[in-house]
Amino acid sequence: MDESKIFELRYVGGRYNGGRLPVDMLSDLSAFRDLLVAFAKEDWKSRNQGRERVPKGFDKSLTFSLTSIAEGSAIPTLQWDRDAAQSSLPGFSDELDDVLDTAYSSILRLVDGASQASNEISLSSSHVRALNKFGAKLRPGERIEFLHTPTSNVIYLDTVKRRTLITRVRETYQLRYESVGTFIGLNIHESHIVVKTTEHGNIKFFIDSDRLIEEFDGNILADVQFDLNLELDHNDNIINILDVYSAELVEPVAGYGHDLLAELTDLAQLKAGWLD
């Protein structure tokens with residue numbers, strides 16, 4: 001068996017040129033591992049029909065290390081720790097090797113068939129939780145390619161495919177949303193502000209009451225830079241705001257002001273391939 005089983009993902013997009021992987025994308029790798037483990041558990045149970053649960057130490061045996069980020073966009077390499085597996089589940093490492101191969105093949109089939117309406121998709125809650133995190137911070141035009149596939153076809157996940165996949169197994173999906181909007185209102189008693197956005201209209205989200213009064217009160221029509229975790233339906237309508245990572249008033253740039261921010265927002269909406 002392979003003593004150093006590896007999994008490689010290629011992140012494609014301008015942010016990843018030169019082998020650069022933004023720090024906030026590292027949570028993707030943990031989510032990929034969780035998705036792999038969810039399928040591994042499913043496969044192990046199918047191989048051991050008499051067992052309702054995986055053996056103690058199963059999760060710990062599937063430990064991975066980020067060993068490198070190669071160029072060619074950015075290609076993070078995750079290596080399975082066979083020694084940790086042998087320590088957690090003595091004598092099971094060879095079986096786990098096969099289980100991981102099958103789990104990775106299951107991920108490839110899932111992603112590759114995401115847009116095929118004829119494919120029936122039935123996933124457990126652990127699969128869905130991992131999917132909701134994996135690729136959540138991709139931007140339009142970016143994608144994650146899966147390397148070492150059995151076919152010559154490029155199997156990839158982008159924002160459109162991810163939304164299609166998740167909303168086929170449940171009615172909503174999660175998305176990290178970072179942008180700049182216009183502060184148009186607040187409610188001091190309920191501790192929330194209302195921000196007008198280009199993509200999702202008016203969004204209401206909660207702010208600490210002290211910050212609300214000290215920073216936002218009296219600054220109507222100011223620009224707000226925000227970072228949110230949204231729950232959306234299949235039509236991209238906001239169902240819920242799950243997390244508010246940041247919300248800051250933006251100081252006008254001397255000599256440019258709002259026009260410059262508006263231009264940056266417009267540029268952010270351009271689709272991949274707009275220039276030829």
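Given the structure is predicted, the values throughout are model-derived calculations rather than measurements.
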Identify, with sequence neighbours excluded, every residue that meets side chain to side chain contact (heavy atoms under 4.5 Å, CB included) alongside [X].
X	value
Ala136	Arg162
Leu66	Leu26, Leu29, Ile69, Pro76, Leu78
Gln174	Asn132, Asn229, Leu242
Thr159	Leu138

Working to the nearest 0.5 Å, report the span between [atom1] of [X] and [atom2] of [Y].
X	Y	atom1	atom2	value
Lys5	Asp98	NZ	CG	7.5 Å
Thr182	Leu221	OG1	CG	7.0 Å
Leu100	Ser105	CG	OG	10.5 Å
Leu175	Leu232	CG	CG	5.5 Å
Ile213	Asp208	CD1	CG	9.5 Å
Ser209	Glu214	OG	CD	9.0 Å

Going hydrophobic residue to hydrophobic residue with side-chain gaps under 4.5 angstrom, can you get from [X] over to [Y]?
X	Y	value
Val128	Leu230	yes
Ile188	Val224	yes
Ile144	Val154	no
Leu108	Ile75	no
Leu212	Leu249	yes

Looking at residues at least two apart in the chain, or sitting in another chain, which of them share a salt bridge (charged side-chain N to carboxylate O under 4.0 Å, His left out) with [X]?
X	result
Arg139	none
Asp59	Lys41
Asp227	Arg176
Asp236	Arg163

- Message: Please determine whether the number of non-hydrogen atoms from other residues, nucleotides or ligands lying under 6.0 Å from atom CD of Gln225 exceeds 12.
- Response: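 No, because the 6.0 Å sphere around CD of Gln225 holds 12 heavy atoms or fewer from other groups.
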- Does Glu178 CD have over 12 foreign heavy atoms under 6.0 Å away?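 Check passes, neighbour count above 12.
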Atom of [X], atom of [Y] and distance for their closest heavy-atom approach:
X	Y	result
Leu131	Leu110	CD1-CD2, 4.1 Å
Val194	His192	CG2-CD2, 4.2 Å
Ala40	Ala103	N-CB, 3.6 Å
Asn219	Glu215	ND2-O, 2.7 Å
Leu147	Tyr104	O-OH, 2.6 Å
Lys204	Ile241	O-CD1, 3.1 Å

- Return the set of residues passing side-chain hydrogen bond (donor to acceptor under 3.5 Å, both in side chains) with Thr149 (not counting sequence neighbours), or none when no residue passes.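 Partners of Thr149 by the side-chain hydrogen bond (donor to acceptor under 3.5 Å, both in side chains) criterion come out as none, since no residue qualifies.
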- Not counting sequence neighbours, which residues clear side-chain hydrogen bond (donor to acceptor under 3.5 Å, both in side chains) with Ser73? List them please.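 Result, side-chain hydrogen bond (donor to acceptor under 3.5 Å, both in side chains) vs Ser73: none returned.
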- So Ile238 and Ile203, side-chain contact (heavy atoms from CB on, under 4.5 Å) or not? Walk me through it. CA-CA 9 Å; Ile238 297 177; Ile203 300 179; 3.6 Å; yes
- Message: Is it true that Glu142 and Tyr16 share a donor-acceptor pair across their side chains at a distance under 3.5 Å?
- Response: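 Present: a donor and an acceptor within the cut-off.
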- Task: Can you label the angle between the Tyr177 ring and the Phe226 ring as parallel, tilted or perpendicular, going by 30° and 60°?
- Result: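 The rings of Tyr177 and Phe226 stand perpendicular, inter-plane angle above 60°.
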- Task: State whether Arg10 and Glu8 are salt-bridged, where the test is any N-O pair (Lys NZ or Arg NE/NH1/NH2 against Asp/Glu carboxylate O) under 4.0 Å.
- Result: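 Salt bridge flag = no for Glu8 with Arg10.
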Just by modelled atom types, is the [Y] backbone N or O under 3.5 Å from a matching donor or acceptor in the [X] side chain?
X	Y	answer
Asp243	Tyr245	no
Arg47	Trp44	no
Ser87	Asp83	no

- Item | Pairwise ring-ring contact (aromatic ring centres under 6.0 Å, His included) hits with a residue in residues 131-150, at least two apart |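 Qualifying pairs, neighbours excluded: Phe32-Phe134.
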Mind checking whether [X] and [Y] have side chains closer than 4.5 Å, heavy atoms only?
X	Y	result
His200	Leu228	no
Leu96	Phe58	yes
Val111	Tyr156	no
Phe183	Asp223	no
Asp97	Trp80	yes
Asp94	Arg82	yes

- Item | Sequence neighbours excluded - side-chain hydrogen bond (donor to acceptor under 3.5 Å, both in side chains) pairs with any residue from residues 25-38 |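 Sorted result for residues 25-38: Tyr11-Asp28, Ser27-Lys137.
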- Query: Going through the checks in order, is the side-chain contact (heavy atoms from CB on, under 4.5 Å) test met by Arg15 and Met25?
  - Reply: CA-CA 11 Å; Arg15 288 195 293 165; Met25 299 298 289; 3.9 Å; yes
